[in-house]
S.K.: 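Next up is a structure, given as structure tokens.
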Amino acid sequence: MIRKNKHILIPLTIIGAILIYCWIVFLTTDFAATWKQYLGLTFFLVIVGSFFKKFIATSIVATGIFLFLGTFNLLAITPSIEVVGIRFS
């Protein structure tokens with residue numbers, strides 16, 4: 001089963017490694033996690049759970065939604081969050 005659907009394991013492994021780094025930074029430095037980091041960790045655990053419960057199509061779609069939300073700063077998988085804005089007047 002996993003051998004057949006191993007293409008989803010590549011992005012999940014990369015995201016998991018980034019999240020592990022993120023939470024190691026939180027545990028070893030003065031950085032504090034915000035709700036965006038907690039949301040990112042929770043959503044990732046749901047994706048991994050759906051993968052191992054054999055909902056492969058659901059986990060692929062959920063991974064895409066996860067990356068989309070991360071792109072638009074609605075959840076975070078990195079220790080620091082920077083927001084840049086441009087205003088035209």
S.K.: Do I15 and F72 share a hydrophobic cluster, counting only Ile, Leu, Val, Met, Phe, Trp and Tyr and linking them when any side-chain heavy atoms are less than 4.5 Å apart?
M.R.: no
S.K.: For L74, check side chain to side chain contact (heavy atoms under 4.5 Å, CB included) against everything at least two apart and list the hits.
M.R.: L69
S.K.: Considering only Ile, Leu, Val, Met, Phe, Trp and Tyr, and joining two whenever side-chain heavy atoms are under 4.5 Å apart, list the other residues clustered with I86.
M.R.: F88
S.K.: Determine whether I77 and L27 fall in the same hydrophobic cluster, where Ile, Leu, Val, Met, Phe, Trp and Tyr are linked whenever their side-chain heavy atoms lie under 4.5 Å apart.
M.R.: no
S.K.: Verify side-chain contact (heavy atoms from CB on, under 4.5 Å) between I47 and F51, making sure each step is shown before the conclusion.
M.R.: CA-CA 6 Å; I47 293 170; F51 176 76; 5.7 Å; no
S.K.: Among residues at least two apart in sequence or on other chains, which ones pass side-chain hydrogen bond (donor to acceptor under 3.5 Å, both in side chains) with T34?
M.R.: Q37
S.K.: L75 pairs by side-chain contact (heavy atoms from CB on, under 4.5 Å) with which of Y38, F43, F68?
M.R.: F43
S.K.: Under 3.5 Å, which donor-acceptor pairs do the side chains of residues 58-66 form with other protein atoms, sequence neighbours left out?
M.R.:
unit_1 : atom_1 : unit_2 : atom_2 : d
S59    : OG     : F55    : O      : 3.4
S59    : OG     : I56    : O      : 2.8
T63    : OG1    : S59    : O      : 2.7

S.K.: Please determine whether residues L67 and V46 belong to a single hydrophobic cluster, defined as Ile, Leu, Val, Met, Phe, Trp and Tyr linked transitively by side-chain heavy-atom distances below 4.5 Å.
M.R.: no
S.K.: Which hydrophobic side chains are connected to V84, either touching it within the sub-4.5 Å cutoff or through other members that do?
M.R.: none
S.K.: How many angstroms lie between atom CG of L12 and atom NE2 of H7, to the nearest 0.5 angstrom?
M.R.: 10.0 Å
S.K.: Can you list, pair by pair, the side-chain donor-acceptor contacts under 3.5 Å of residues 16-26, counting residues two or more places apart and other chains?
M.R.:
none

